[in-house]
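When a ligand or atom number is given, it counts from 1 through the structure's own listing order.
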Amino acid sequence: MAPRAYVQPVVETTTIFNPAIFKGKVLFCTGGGSGICRGMTEAVMRHGADAAIVGRKLDRLTQTSKELEKSTGRKCIPVQADVRDPALLKAAVAKTIETYGRIDYVICGAAGNFLAPISTLSENAFRTVMEIDTIGTFNTVKATLAHVRQAKGSYIHVSATLHYKASPFQVHVSAAKAGVDALSGVLAVEEGPHGVRSNVIAPGPIAGTEGMDRLTPKTPEAQARLDAISPLGRLGAIKDIEHATVFLFSDAAAFITGQVLVVDGGSENLRTVSLPYPQSVLDPESVQKIIKPRL
Ligand code: COA
């Protein structure tokens with residue numbers, strides 16, 4: 001195979017934005033305990049904001065909060081809540097307001113995913129992902145909107161690209177993320193006149209995340225294919241999503257709302273399938289041998 005001419009380096013830190021642009025602002029982030037949403041939270045905190053991170057596992061949230069406070073010098077509170085439960089989310093918002101007195105930015109990031117074909121995916125499994133991703137996003141918007149309106153703030157919803165074309169074994173997430181994209185657009189249109197913006201970040205395959213770990217085959221061939229997946233020569237990095245987040249919350253994006261920002265190094269323009277096709281759908285059992293086993 002010919003060597004790649006160019007691989008886009010991961011930009012670890014930028015000096016593009018003043019590190020105080022979010023000073024005095026507060027971020028509320030669901031799913032902030034780990035992975036992409038943790039990175040997004042850290043990036044916003046690095047630019048001056050305090051934060052509340054929300055999730056199901058209090059021990060992980062508490063640990064992450066401590067680490068984020070240490071790395072950014074800002075304040076971060078852990079709040080336990082399942083986004084499927086509106087009452088718990090409202091309590092999480094109340095705790096955030098009690099602590100900081102405001103919410104300017106919201107990241108709707110809590111999500112669930114696994115690979116399963118329609119033929120074996122249970123009704124409950126489909127509903128579970130819809131409830132976490134789509135209904136969880138709606139619940140988060142409902143719980144935070146009054147405060148975000150008051151602050152003339154902004155939403156970022158973490159979506160995906162896999163539903164732009166039909167991705168086998170991803171019916172639940174495809175339906176759920178399409179719903180998230182649609183929800184964001186309506187939110188932008190309804191709330192724009194109140195000074196609120198709403199945008200989606202759609203990450204492509206991002207290295208070192210739970211999603212990649214769960215969703216990609218572990219075979220050497222598949223792993224080698226992953227590096228070639230993007231025109232810019234590498235998988236995405238959490239840093240790539242962080243930079244996009246700072247931009248979209250910043251005044252530099254003040255006239256951008258209702259948009260989906262795909263952050264994937266151009267992968268979507270070169271759509272490939274990560275599972276062998278059609279063998280995977282003809283013999284779903286064979287997939288179990290090449291993906292991360294179910295817990
Ligand atoms: N394949 C098929 N079905 C699965 C599955 C898998 N790998 N994992 C879960 N399900 C099904 C369960 O069997 C259950 O359906 P059933 O009652 O008909 O058996 C349904 O989904 C709910 O699962 P359960 O584990 O009870 O729900 P939960 O609310 O505790 O967790 C997830 C659901 C999706 C969040 C869970 O898979 C999870 O914890 N994932 C890790 C986090 C994650 O996905 N992060 C995002 C990566 S992009």
Side-chain angles (χ1 to χ4, degrees), residues 29-41 53-61 63-64 80-89 107-140 156-164 167-181 200-218 226 229 235-238 240-241 262-264 267 274-275 280-281 283-295:
C29 177
T30 68
S34 64
I36 290 175
C37 297
R38 173 193 164 129
M40 295 167 82
T41 301
I53 52 172
V54 181
R56 285 193 291 174
K57 296 179 186 149
L58 187 59
D59 50 349
R60 185 164 73 181
L61 291 169
Q63 180 62 28
T64 298
Q80 188 174 27
D82 188 323
V83 293
R84 291 171 281 192
D85 186 330
L88 288 180
L89 263 180
I107 294 172
C108 298
N113 199 0
F114 47 80
L115 290 170
I118 295 171
S119 56
T120 64
L121 183 76
S122 75
E123 289 83 349
N124 188 40
F126 184 87
R127 184 171 54 239
T128 297
V129 173
M130 292 296 290
E131 278 179 351
I132 297 171
D133 292 24
T134 316
I135 297 177
T137 296
F138 182 75
N139 291 341
T140 305
I156 293 177
H157 312 277
V158 183
S159 186
T161 58
L162 52 88
H163 54 296
Y164 299 165
S167 301
F169 293 73
Q170 290 280 264
V171 70
H172 41 326
V173 180
S174 300
K177 294 300 194 188
V180 168
D181 293 357
V200 167
I201 290 181
I206 303 294
T209 57
E210 168 97 21
M212 278 300 284
D213 196 29
R214 283 172 167 258
L215 304 181
T216 51
K218 302 292 165 229
L226 283 175
I229 209 167
L235 285 171
I238 291 177
D240 297 316
I241 310 301
V262 176
V263 184
D264 73 343
S267 305
S274 65
L275 293 174
S280 56
V281 289
D283 178 15
E285 280 302 309
S286 66
V287 174
Q288 299 306 325
K289 298 190 189 105
I290 57 173
I291 64 171
K292 187 178 182 185
R294 186 174 168 172
L295 297 174

Atom indices of ligand 1, in the order listed, that fall short of 4.0 Å to a heavy atom of [X]:
X    : answer
E210 : 41 (C), 45 (N), 47 (C)
S122 : 15 (O), 16 (P), 18 (O)
G211 : 47 (C), 48 (S)
I132 : 35 (C)

Check whether any side-chain N or O of [X] sits under 3.5 Å from a backbone N or O of [Y] as a donor-acceptor pair, and report yes or no.
X    : Y    : value
R214 : N113 : yes
H157 : A202 : no
S174 : H163 : no
D240 : A237 : yes

Residue part near ligand 1, for R214, under 4.0 Å between non-hydrogen atoms =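 It is the side chain that gets close, since no backbone atom is under 4.0 Å.
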Q288 and ligand 1 - part of the residue with a heavy-atom distance under 4.0 Å |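 Neither part.
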Could you check [atom] against the protein and tell me its nearest heavy-atom contact, residue, atom and distance included?
atom                    : result
atom 11 (C) of ligand 1 : A125 CB, 3.5 Å
atom 2 (C) of ligand 1  : F114 CE1, 3.6 Å
atom 46 (C) of ligand 1 : A111 O, 3.5 Å
atom 27 (O) of ligand 1 : T128 CG2, 4.0 Å
atom 13 (O) of ligand 1 : R294 NH2, 2.6 Å

Would you check the N or O atoms of N124, main chain and side chain alike, for any that come under 3.5 Å of an N or O of ligand 1?
-> yes
If you measure every N/O of N113 against every N/O of ligand 1, is any gap under 3.5 Å?
-> yes
State the [atom1]-[atom2] distance between [X] and [Y], to the nearest 0.5 angstrom.
X    : Y    : atom1 : atom2 : value
I291 : L215 : CD1   : CG    : 8.5 Å
C108 : N139 : SG    : CG    : 10.0 Å
I53  : C29  : CD1   : SG    : 7.5 Å

Carboxylate-amine/guanidinium proximity below 4.0 Å for K57 and D59 | no
Please assess L121 against V171 for the test side chain to side chain contact (heavy atoms under 4.5 Å, CB included), listing each intermediate value before the final yes or no.
-> CA-CA 9 Å; L121 183 76; V171 70; 3.7 Å; yes
Hey, is atom 24 (P) of ligand 1 touched by any protein heavy atom at less than 4.0 Å?
->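 Neighbour list for atom 24 (P) of ligand 1 is empty of protein heavy atoms (cut-off 4.0 Å).
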Scan the protein's non-hydrogen atoms and note whether one is under 4.0 Å from atom 4 (C) of ligand 1.
-> yes
Of all heavy-atom pairs linking L162 and S167, the shortest is O-OG, 2.7 Å
G109 to C37 - nearest heavy-atom pair and separation | CA-SG, 3.5 Å
Within-shell test, R84 vs ligand 1, heavy atom, strictly < 4.0 Å |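 The answer is yes, since R84 has a heavy atom less than 4.0 Å from ligand 1.
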Whether R56 lies under 4.0 Å from ligand 1, heavy atom |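 True for this residue.
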